[in-house]
Structure formats: structure tokens, C-alpha cells
Amino acid sequence: PFVDVAMYMGVIIFFLALFAVITRWRDPIVQFLAILAFIALLISFGKNFPVLFDFIFYHLPYFDKFRVPSMSLVLVQICTPILAGLGLMKIISLKEKRENGIIKIIKNSAIVLSAFFILSVVLKSSIADWFTGRINDYISIHPQASQEFTALSPYMSDMFTADLLIAFALLAITFWLAYSYINSKISRDALVIGIIVLSVFDLFRIDSRGQKYVDNPDLSNMFNPPEYVTAIKSQKDTEPFRMINIKQDGSRGTASQNNGNYNAYFMLEDFYGYSGIKPRSFQDLMDVIGPANPTLWRMLNVKYVVASQQIPLPGFIPIYQKDKEVVYKNTNALPRAYFVDKIGAKPDLSILNDIKTNSFDPKSIAYVDGSLPIVDVPDSTAKVNITKYKDEIVELDAKASGNNFLFFGNTYLPTGWKAYIDGNESIIYKVDHGFMGIVVPKGKHIVDFKYAPKSFFISEYVALSLSALTILGLLLGIVFELRRRKNNTVTDANVS
């Protein structure tokens with residue numbers, strides 16, 4: 001319910017498209033559009049039509065990246081209006097090239113639709129009662145919805161009967177206009193303008209119902225920095241950090257009300273920000289551990305915690321307090337990048353459970369996926385300092401006392417992130433279920449983490465090449481057309 005919307009293109013558009021399929025089926029473009037729309041419609045059913053959907057979902061590359069099955073209805077919305085246009089073109093062509101069978105279909109459709117309209121007017125009360133019965137049947141199966149549906153029942157019944165009347169009226173008028181045009185009662189322009197006006201009326205009629213966006217009277221104040229944001233920024237941190245708001249009052253920016261990533265507006269990295277395509281590893285953290293966990297906060301650089309009550313944890317220092325809001329500075333939080341004492345191996349679920357029970361220190365040990373490299377315990381001279389931090393490029397000054405293991409608390413994405421030590425590419429290890437780590441040799445080094453997936457650059461160059469070819473083709477087309485016109489002019493002059 002929070003991502004789906006009605007895919008309504010207009011009853012006239014739908015029936016004109018259907019008319020095109022019936023009368024122009026031998027046209028390859030009609031076949032292509034109709035079949036494409038039908039397949040997309042079946043795909044949109046998702047789990048309700050598993051024969052097709054499951055096969056595509058599990059075997060068609062990248063198909064499983066779509067958010068919801070109903071996204072495939074975009075293809076239906078593209079194909080149907082084009083088919084409707086082809087249907088209208090067929091009607092227009094009937095005046096010059098009469099096809100009695102098709103003209104008879106148009107006339108009979110107009111008569112039948114008019115009859116349905118009259119019947120709907122006469123039987124309006126009966127239709128409303130029938131629809132109300134359908135609502136009651138639904139309530140009997142889903143008693144939890146009884147209160148809402150009982151209250152909405154009259155509104156829904158009135159909407160259904162009104163839509164039925166208007167749909168039959170619009171369709172009857174459309175087919176009578178088409179029949180009148182074929183018999184030279186109205187002009188082609190009158191036919192086209194009439195269908196456009198009726199279609200626009202139909203679309204605006206549907207668009208006018210339901211919720212409407214109205215500017216919040218407090219919109220100008222909506223993005224004034226909350227006091228907790230001001231308190232955090234007053235600390236003037238020079239290195240990246242994360243924050244989390246665990247208040248339970250439902251206010252903007254809290255973990256329970258953060259679908260819009262409110263805190264990102266103030267350039268704060270929110271540990272519990274929302275994304276529809278979040279990494280599986282992060283979802284595992286939330287599923288097994290949850291967002292409120294001291295070890296997780298320590299490991300992943302959560303430096304500030306906003307709460308509505310006291311947090312009795314060592315290392316949590318209040319930096320702001322007012323009414324039911326307290327901002328804590330987590331002095332236990334580790335930097336975004338740091339050297340760990342040693343590495344080890346453990347199953348992913350065991351790692352998550354260790355974090356959940358706060359039974360391991362992420363500074364003392366990091367659990368590495370795959371073969372373990374040989375590393376040394378860093379001494380007091382080993383340190384890491386972030387000198388540049390952007391979404392796709394992070395630069396660090398690192399001083400290692402031996403082969404030290406560097407933990408970097410950003411998401412491990414093997415097809416995107418690359419690490420370089422003094423310009424030489426280094427192996428990135430998957431650490432603590434979903435983050436990055438590299439081995440830094442002894443001495444001072446410049447370490448770069450760059451997000452540079454090959455697929456992006458391949459797509460970039462392909463798009464650039466195709467755009468260049470398109471422009472070149474357009475220019476050549478203009479040149480050849482000018483030459484053709486010039487030759488025709490010369491030929492005409494010679495003939496004269």
C-alpha cells in the first residue's frame with residue numbers, strides 16, 4: 001500500500017487500444033505492443049502468477065533488482081496509449097477506405113454501450129446494493145477491516161456506480177463520434193478534439209479524488225535545525241562520524257520516523273537512515289542485532305546518540321539536555337578507520353550474535369571472511385588519520401608499526417570499492433560480516449579507498465559512444481538531405 005498507485009490511463013484509451021488490437025492485429029507493431037503489454041501485465045502479478053514471475057525472477061539477470069513487480073506496468077502504460085493512437089488512426093482511415101465489417105463493429109459498440117448506460121441509470125440502486133454486498137462479504141472474511149470498510153461503504157458504493165455510469169457514457173459518446181465521422185457528419189478535427197477532451201476529462205476526474213499534496217503551513221520551519229543537530233554540530237568534529245536518534249516520540253529524524261533520511265538534510269550521517277536498496281549485510285545487522293547496540297555503535301563510528309531518557313552506559317557523556325531530549329557523546333566510538341589488534345575467523349551468524357551480546361571488542365579483533373592474512377599487533381606508534389572523505393573517495397594517512405590490519409567501517413561492496421596503498425592496489429577483505437579491511441605494511445603510507453565499479457565506466461563509455469554516433473548520424477543525414485535537394489534542384493533546372 002505504501003508504494004503502489006492506480007495505473008489508470010483512461011477508459012477511452014483502453015478501449016481504443018483494444019479496438020486497434022482487434023482491427024489491426026496483422027500489423028507487426030500492433031502485435032509487438034499488445035504482446036509486450038500482456039506479458040508485462042502478467043509479470044506485475046508477482047507471486048499471484050508464479051509460473052512466469054518466478055522463472056524471470058530467478059533466471060533473468062538483474063530482474064530481481066526491481067523494487068516491486070508492479071513496476072512492469074510502466075510498459076503497459078507506454079504500449080496502451082500508442083495502441084490507442086493506432087486505433088484512432090484506423091477509425092480515421094475508414095472514411096477513405098471503408099471496411100463495412102469494422103464500421104459495423106463501431107456502430108454496434110455505440111449501441112451496446114448506450115444500452116449499458118441506460119441500464120446503469122435505471123438499475124443504479126440495485127448496482128449500489130450489489131456492490132455493498134461485495135463489501136460486506138469482504139468484511140466477513142477480514143473482520144479486522146470491519147470498522148474502516150463499514151465507514152467507507154457508502155462512499156465506495158457511490159464511487160463505483162458513478163464511475164460505471166461515466167465510463168459507459170464516455171465510451172458511448174466516443175463510438176458515436178467515430179460513427180458520425182465515418183458517415184461525414186463531423187470533421188476529422190472534431191473527432192480528434194472530442195476524444196482528447198473526453199480523455200482529459202476522464203483523467204482529471206480520477207486525478208481529483210484521493211489525497212492531495214498541500215503545503216504544510218510550517219514548511220518554512222520544517223527544516224530548521226533541531227536542537228540536537230545544533231548540539232552535535234557545536235562539537236566541530238573534523239573527521240567523519242555517525243549519529244542515531246533513538247527517541248520514541250515519533251518526531252522527525254528518529255529511528256521510527258526516518259524514511260525520509262531527515263538528518264541527512266543537515267549533512268549528518270545517520271546510522272539508521274533509510275534506503276529501499278540497502279545492502280543485505282546491513283539488513284542482517286538490523287534483523288539480528290537491531291539499531292540500538294553499544295558494540296555496534298563502537299564498531300561503526302556512532303559518535304552521537306539522541307535519546308529521550310538517560311542511557312546508563314559507561315563512556316556516554318551528555319552534551320545537551322532539555323525536557324525529554326538528551327544528546328550523548330559516545331566516547332567509546334571508534335574512528336571510521338582504525339587498526340585492530342588481531343584477526344580471526346568465525347561464521348557470520350556467530351559474529352552477529354557476539355555483537356548482539358556485546359561479547360567482543362571490535363578494536364581487539366576483526367573477523368575476516370576467507371583466508372586470513374598474516375598480520376602484526378600494532379603498537380602505540382600506529383595511527384590512522386582521514387584526510388579526505390567523500391562518497392566515492394576516502395583518503396587516509398596511515399602509519400603502521402608492522403603488517404597491521406586496517407578496519408574501514410563502510411559497506412563491503414567487492415564489485416565497487418578498490419583500495420590503494422601508495423598507488424598500488426591492495427586486497428580488500430570482508431570484515432565483521434559486511435565491512436572492509438586491508439593489510440597496511442610497516443611505515444607511513446597514503447591509503448585510498450575509491451568506489452569505481454567497472455560497470456559504471458563501461459556504461460559511461462557505451463552511452464558516450466552511442467550519443468556520439470547518434471549526433472554523427474544526424475549530421476550526416478542533414479548533409480545527405482541537403483545534397484539530395486541540391487541535386488534535385490539542378491535536375492529540375494536542366495529539364496526546364
Side-chain angles (χ1 to χ4, degrees), residues 4-45 68-95 99 101-117 120 159-182 185-210 212:
D4 291 343
V5 294
M7 298 292 183
Y8 188 73
M9 294 166 285
V11 66
I12 296 173
I13 301 301
F14 175 77
F15 271 81
L16 284 175
L18 193 61
F19 177 79
V21 173
I22 294 171
T23 60
R24 302 186 59 164
W25 180 249
R26 293 187 178 182
D27 188 338
I29 187 66
V30 171
Q31 293 178 359
F32 170 75
L33 293 172
I35 293 171
L36 178 61
F38 181 68
I39 292 174
L41 182 64
L42 293 180
I43 292 172
S44 73
F45 294 159
V68 289
S70 60
M71 290 181 70
S72 66
L73 289 175
V74 171
L75 295 174
V76 180
Q77 288 184 300
I78 292 173
C79 296
T80 305
I82 298 174
L83 286 170
L86 294 171
L88 183 57
M89 288 173 62
K90 183 64 177 180
I91 293 172
I92 292 172
S93 70
L94 292 174
K95 190 172 182 179
E99 297 181 38
I102 297 177
I103 295 173
K104 189 174 181 180
I105 290 175
I106 293 173
K107 180 181 178 181
N108 291 337
S109 297
I111 293 172
V112 170
L113 290 166
S114 299
F116 276 130
F117 171 71
S120 299
M159 183 192 296
F160 178 78
T161 52
D163 282 352
L164 198 65
L165 288 171
I166 293 172
F168 284 137
L170 291 175
L171 290 171
I173 294 170
T174 298
F175 280 93
W176 280 123
L177 285 174
Y179 187 69
S180 299
Y181 163 74
I182 295 169
K185 302 295 184 181
I186 61 173
S187 66
R188 181 180 64 181
D189 291 344
L191 170 67
V192 173
I193 291 172
I195 290 176
I196 289 174
V197 170
L198 292 173
S199 298
V200 170
F201 163 75
D202 189 22
L203 292 172
F204 270 89
R205 180 179 65 87
I206 300 299
D207 182 63
S208 64
R209 70 172 57 143
K212 285 294 175 184

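Here the structure is a predicted model, which means the values were calculated and not measured.
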Would you compute the distance between atom SG of C79 and atom CD1 of I39 and round it to the nearest 0.5 angstrom?
10.0 Å
Electrostatic pair K104-E99, nearest N-O below 4.0 angstrom
no
Looking at side-chain heavy atoms only, is the closest gap between L73 and V76 below 4.5 Å?
yes
Could you check V200, I193, L198 and say which one makes a side chain to side chain contact (heavy atoms under 4.5 Å, CB included) with I196?
V200
Straight-line distance of M9 CE to I78 CD1, nearest 0.5 Å:
11.0 Å
Expected output: side-chain D202 to main-chain L170 donor-acceptor under 3.5 Å:
no
Minimal non-hydrogen separation, A178 against I91, with atom names
CB-CG2, 3.7 Å
Pairwise side-chain contact, L88 with L191, heavy-atom cut-off 4.5 Å (strictly under)
yes
With the side chain counted from C-beta on, respond yes when I92 and V192 share a heavy-atom pair under 4.5 Å apart, and no when they do not.
yes
Considering non-hydrogen atoms only, spot the tightest contact between S114 and A110 and give its length.
OG-O, 2.7 Å
With a 4.5 Å heavy-atom cut-off, do T80 and L16 have their side chains touching?
no
Atom OG of S180 and atom CD1 of I173: how far apart are they, to the nearest 0.5 Å?
11.5 Å
Interatomic distance, S120 atom OG to L164 atom CG [nearest 0.5 angstrom]
4.0 Å
So do the side chains of F175 and V112 get within less than 4.5 Å of each other, counting heavy atoms only?
no
R24 versus Q31: any side-chain heavy-atom pair under 4.5 Å?
no
Measuring from M159:CE to I166:CD1, what's the distance to the nearest 0.5 Å?
11.0 Å
Heavy-atom check, side chain of T174 versus side chain of F15, under 4.5 Å:
no
side-chain hydrogen bond (donor to acceptor under 3.5 Å, both in side chains) assessment of D207 paired with Y8:
CA-CA 9 Å; D207 182 63; Y8 188 73; over 6 Å; no
Is any side-chain heavy atom of L171 closer than 4.5 Å to a side-chain heavy atom of F117?
no
Please indicate whether K185 has more than 12 foreign heavy atoms, meaning atoms of other residues, nucleotides or ligands, lying under 6.0 Å from its NZ.
no
Look at atom CZ of R188 and say whether more than 12 heavy atoms of other residues, nucleotides or ligands are closer to it than 6.0 Å.
no
All heavy atoms of P69 vs all of I43, minimum pair found to be CB-O, 3.8 Å
F168 vs F116 aromatic rings, parallel, tilted or perpendicular, using cut-offs 30° and 60°?
parallel
Between the CD1 atom in I186 and the OH atom in Y179, the distance rounded to the nearest 0.5 Å is 13.0 Å
Provide the closest heavy-atom pair for L203 versus G10 in the form atom of the first, atom of the second, distance.
CD2-N, 3.9 Å
Contact summary for L83 and A20, nearest pair of heavy atoms:
O-CB, 3.2 Å
Closest non-hydrogen atom pair, S72 against A40
OG-O, 2.9 Å
